[in-house]
**Student:** 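Starting off with a structure, shown below.
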Amino acid sequence: MKVIENNEKTKIHLKINGNVYEYETEPRRLLVHVLRELGFTGVHVGCDTSNCGACTVIMNGKSVKSCTVLAVEADGSEILTVEGLAKDGKLHPIQEAFWEKHALQCGYCTPGMIMEAYWLLNENPNPTETEIREGISGNLCRCTGYQNIVEAIKSASQKLRINQTPYQHQ
Ligand code: FES
Ligand code: FES
């Protein structure tokens, strides 16, 4: 068993949006801070008690709040952040739908909200309004009142079903 002392740093590897990053970290560091230091500053911190979901990313296919994962725990995992959704500048249908339906104002919750929507539509490609609201209930927004976010996710689910876009994280 490998034991890491308090102040000792250890090397971890993370595959983020398809590229592998090597990073030296203390065991106490949170994944959210490491992602931001690696340049993924779309991952936001909105609270310190795991409620807001602004830090949501997809880790090994599941949506997780990266403020509540240690970076060392994430060693070897595959992570998708909002920066990895568009391909060659072409917006992912969920991003497009947020734009069309005016589902953001300040934009601070948006990366986490979009990643949660990504996970939700992967789990349930044709959700009801109630399922959408429940699906994003771990993601708080202080600006929009949620209605347009729900509309955007409905619209994205239609776009994805029509396009039959392959819907896999990297
Ligand atoms: S920063 Fe609020 S849940 Fe992670
Ligand atoms: S758009 Fe401002 S918090 Fe959601």
Side-chain angles (χ1 to χ4, degrees), residues 12-17 21 23 25-86 91-124 127-160 169-170:
I12 61 167
H13 293 90
L14 300 171
K15 191 170 184 185
I16 308 168
N17 302 338
Y21 294 80
Y23 192 85
T25 179
E26 287 176 29
R28 67 195 174 105
R29 295 222 72 206
L30 298 174
L31 177 61
V32 67
H33 294 128
V34 170
L35 290 173
R36 289 180 54 80
E37 270 176 37
L38 286 171
F40 300 96
T41 52
V43 186
H44 292 157
V45 179
C47 73
D48 57 10
T49 47
S50 316
N51 301 307
C52 78
C55 60
T56 302
V57 298
I58 307 296
M59 182 170 140
N60 297 331
K62 296 212 163 56
S63 76
V64 300
K65 293 178 172 179
S66 60
C67 73
T68 194
V69 178
L70 294 169
V72 287
E73 285 181 286
D75 186 21
S77 63
E78 284 193 32
I79 294 172
L80 181 66
T81 72
V82 74
E83 289 92 344
L85 282 190
L91 295 182
H92 184 280
I94 300 174
Q95 294 173 305
E96 208 174 64
F98 268 61
W99 170 257
E100 289 165 356
K101 300 291 180 188
H102 308 285
L104 62 143
Q105 290 179 29
C106 78
Y108 199 84
C109 73
T110 312
M113 195 66 87
I114 285 180
M115 297 321 288
E116 190 64 20
Y118 180 96
W119 172 82
L120 170 65
L121 294 178
N122 204 18
E123 293 288 300
N124 179 0
T128 62
E129 170 148 355
T130 305
E131 287 168 340
I132 293 174
R133 288 184 182 274
E134 280 173 2
I136 59 165
S137 60
N139 292 72
L140 302 182
C141 175
R142 67 182 176 182
C143 304
T144 63
Y146 300 99
Q147 188 59 36
N148 288 1
I149 293 175
V150 174
E151 293 305 322
I153 296 175
K154 270 188 215 161
S155 161
S157 83
Q158 283 166 2
K159 282 173 189 277
L160 286 162
H169 78 101
Q170 298 172 358

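Any value given below was found using the heavy atoms of this structure, including those in side chains, with hydrogens, waters and symmetry copies removed. As the structure lists them, so they are numbered: ligands from 1, and atoms in each ligand from 1.
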**Student:** Check whether any N, O or S atom of C67, backbone or side chain, sits closer than 2.8 Å to atom 4 (Fe) of ligand 1.
**Tutor:**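 Here the distance criterion (N, O or S atom, under 2.8 Å) is met by C67, so yes.
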**Student:** By number and element, which atoms of ligand 1 are closer than 4.0 Å to a non-hydrogen atom of C47?
**Tutor:** 1 (S), 2 (Fe), 3 (S)
**Student:** Output a table of donor-acceptor pairs, distance under 3.5 Å, between side-chain atoms of residues 149-156 and any protein atom two or more places apart or on a different chain; print 'none' if there are none.
**Tutor:**
| residue | atom | partner | partner atom | Å |
| --- | --- | --- | --- | --- |
| E151 | OE2 | Q147 | NE2 | 3.3 |
| K154 | NZ | E129 | OE1 | 3.2 |

**Student:** Verify side-chain contact (heavy atoms from CB on, under 4.5 Å) between K62 and N122, making sure each step is shown before the conclusion.
**Tutor:** CA-CA 10 Å; K62 296 212 163 56; N122 204 18; over 6 Å; no
**Student:** Looking only at protein heavy atoms, identify the closest one to atom 1 (S) of ligand 1 and say how far it is in Å.
**Tutor:** G46 N, 3.4 Å
**Student:** Check atom 4 (Fe) of ligand 2 and write out every protein N, O or S atom at under 2.8 Å, as residue and atom.
**Tutor:** C109 SG, C141 SG
**Student:** Take the angle between the ring planes of H44 and Y108 and call it parallel below 30°, perpendicular above 60°, tilted in between.
**Tutor:** parallel
**Student:** With a 4.0 Å heavy-atom cut-off (strictly under), which part of N51 contacts ligand 1: side chain, backbone, both or neither?
**Tutor:**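 The part of N51 near ligand 1 is the backbone, not the side chain.
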**Student:** Any salt bridge between E100 and K159, counting N to O under 4.0 Å?
**Tutor:**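 Here E100 pairs with K159 in a salt bridge, since their nearest N and O are under 4.0 Å apart.
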**Student:** Of the backbone atoms (N, CA, C, O) and the side-chain heavy atoms from C-beta on, which set of S50 has a member under 4.0 Å from an atom of ligand 1: side chain, backbone, both, or neither?
**Tutor:**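 The answer is the backbone.
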**Student:** If you measure from CG on L30 to CG on D48, what distance do you get to the nearest 0.5 Å?
**Tutor:** 10.5 Å
**Student:** When you measure from atom 3 (S) of ligand 1 to every protein heavy atom, which one gives the shortest distance, and what is it?
**Tutor:** G53 N, 3.2 Å
**Student:** How far does CG of L31 sit from CE of M59, to the nearest 0.5 angstrom?
**Tutor:**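 Answer rounded to 0.5 Å: 6.5 Å.
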**Student:** So, 2.8 Å as the limit: is an N/O/S atom of C55 located closer than that to atom 4 (Fe) of ligand 1?
**Tutor:**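 Looking at C55, which is the residue asked about, there is an N, O or S atom under 2.8 Å from atom 4 (Fe) of ligand 1.
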**Student:** Atom SG in C109, atom CD1 in I136: separation rounded to 0.5 Å?
**Tutor:** 9.0 Å
**Student:** Check each atom of ligand 1 against the heavy atoms of C52 and keep those under 4.0 Å away; list them by number with element.
**Tutor:** 1 (S), 2 (Fe), 3 (S)
**Student:** Roughly how far, to the nearest 0.5 Å, is CG of L14 from OG1 of T25?
**Tutor:**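 One finds 9.5 Å between OG1 of T25 and CG of L14.
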**Student:** Quick one, H13 with Y23, criterion ring-ring contact (aromatic ring centres under 6.0 Å, His included). Give me CA distance, side-chain angles, the key distance, then yes/no.
**Tutor:** CA-CA 6 Å; H13 293 90; Y23 192 85; over 10 Å; no
**Student:** Should F40 and N17 count as side-chain neighbours, where that means a heavy-atom distance under 4.5 Å?
**Tutor:** yes
